[in-house]
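Beneath this line is the structure, given in structure tokens, with notes to follow.
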Amino acid sequence: GVALVAFYLVFIVRGAIIAMDARNSFDAIMAIGCVAMITLQCFINIGGVVKLIPLTGITLPFVSYGGSSMLSCFILLGILEGIAIKNGDADSMEFDEELYDEDDYAYDQYED
């Protein structure tokens with residue numbers, strides 16, 4: 001149980017990092033929304049299991065069996081991953097521009 005809660009905490013932190021690294025506000029809000037939906041679902045279920053709040057019938061993300069719930073959680077995870085990849089591609093493009101922008105250095109070394 002502790003490992004599962006740790007997984008959800010790591011998911012929350014990684015989602016927040018992806019949202020903070022987003023290039024535009026739409027991606028940041030989308031990432032925060034995806035993380036918030038899964039986090040809220042998780043903590044409502046865990047709170048119901050430990051008798052802090054009444055059980056509502058919400059499934060535990062990525063664990064409990066539920067066809068549409070599992071599908072929606074993986075769609076949210078895919079959106080979050082897409083935002084992370086989009087921001088990662090932007091970082092690599094900036095790095096490439098800085099590296100090769102100065103007088104075509106990459107081509108000059110092969111002219112010898």
Side-chain angles (χ1 to χ4, degrees):
V2 173
L4 187 62
V5 172
F7 164 75
Y8 287 118
L9 290 176
V10 168
F11 180 80
I12 293 167
V13 170
R14 290 294 300 157
I17 290 171
I18 290 170
M20 287 188 296
D21 289 342
R23 296 285 179 209
N24 56 22
S25 60
F26 178 77
D27 288 343
I29 292 171
M30 180 73 81
I32 290 200
C34 291
V35 171
M37 286 177 66
I38 291 177
T39 302
L40 184 66
Q41 186 176 351
C42 170
F43 285 118
I44 287 174
N45 190 318
I46 290 173
V49 168
V50 297
K51 306 287 188 215
L52 290 176
I53 58 174
L55 284 173
T56 59
I58 295 177
T59 60
L60 189 62
F62 307 114
V63 175
S64 298
Y65 180 76
S68 60
S69 175
M70 189 71 75
L71 182 66
S72 66
C73 287
F74 278 115
I75 288 172
L76 290 173
L77 186 64
I79 291 170
L80 195 60
E81 183 68 23
I83 293 170
I85 289 171
K86 179 180 171 184
N87 294 328
D89 288 344
D91 287 339
S92 67
M93 285 175 34
E94 285 177 8
F95 178 73
D96 290 342
E97 288 174 5
E98 290 173 3
L99 186 63
Y100 295 114
D101 213 21
E102 297 177 11
D103 299 324
D104 294 324
Y105 173 75
Y107 296 111
D108 291 340
Q109 67 183 353
Y110 294 113
E111 288 180 4
D112 295 335

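Source: prediction; values computed, not measured. Position 1 is the first residue of the sequence, and the numbers go up from there.
Here the CD1-CD1 distance, from I46 to I58, works out to 12.0 Å after rounding to the nearest 0.5 Å. If you take OG on S25 and CD1 on I32, they are separated by 11.0 Å, rounding to the nearest 0.5 Å. In this structure, the separation between CG on L77 and SG on C73 is 9.0 Å, given to the nearest 0.5 Å. Taking OG of S69 as the reference point, atom CD of Q41 lies at 4.5 Å (rounded to 0.5 Å). Distance check, rounded to the nearest 0.5 Å: CG of D27 to CD1 of I79 gives 11.0 Å.
Counting all heavy atoms, side chain and backbone alike, I18 lies closest to A84 at CD1-CB, 3.7 Å. Here the closest non-hydrogen pair linking F11 and V35 is CE2-CA, 4.4 Å. Contact detail for I44 and I53: the closest heavy-atom pair is O-CD1, 3.5 Å. Shown here for N24 and K86, the closest heavy-atom pair between the two residues is ND2-NZ, 4.2 Å. Here the closest heavy-atom approach between residue A28 and residue A22 is recorded as N-CB, 3.6 Å.
By the rule that hydrophobic residues join a cluster once side-chain heavy atoms approach within less than 4.5 Å of another member, M30 and I17 end up as members of separate clusters. Cluster annotation: L60 and L71 are assigned to the same hydrophobic cluster (Ile/Leu/Val/Met/Phe/Trp/Tyr, side-chain heavy-atom contacts under 4.5 Å, transitive). If you chain together hydrophobic residues whose side chains sit under 4.5 Å apart, L80 and F7 fall into the same group. A single hydrophobic cluster is not seen to contain both I85 and F26; linkage of ILVMFWY side chains at heavy-atom distances under 4.5 Å, directly or through other members, places them apart. Clustering ILVMFWY residues whenever any of their side-chain heavy atoms sit less than 4.5 angstrom apart, transitively, puts M70 in a cluster other than the one holding L40.
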For this session: Given side chain to side chain contact (heavy atoms under 4.5 Å, CB included), test V49 with N45 step by step and report yes or no.
Result: CA-CA 6 Å; V49 168; N45 190 318; 3.5 Å; yes

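Using a distance-only test at 3.5 Å, with no hydrogens or angles considered, a donor-acceptor pair links the side chain of N87 to the main chain of I83. Side chain of Y8 to backbone of F43: no donor-acceptor contact under 3.5 angstrom is found.
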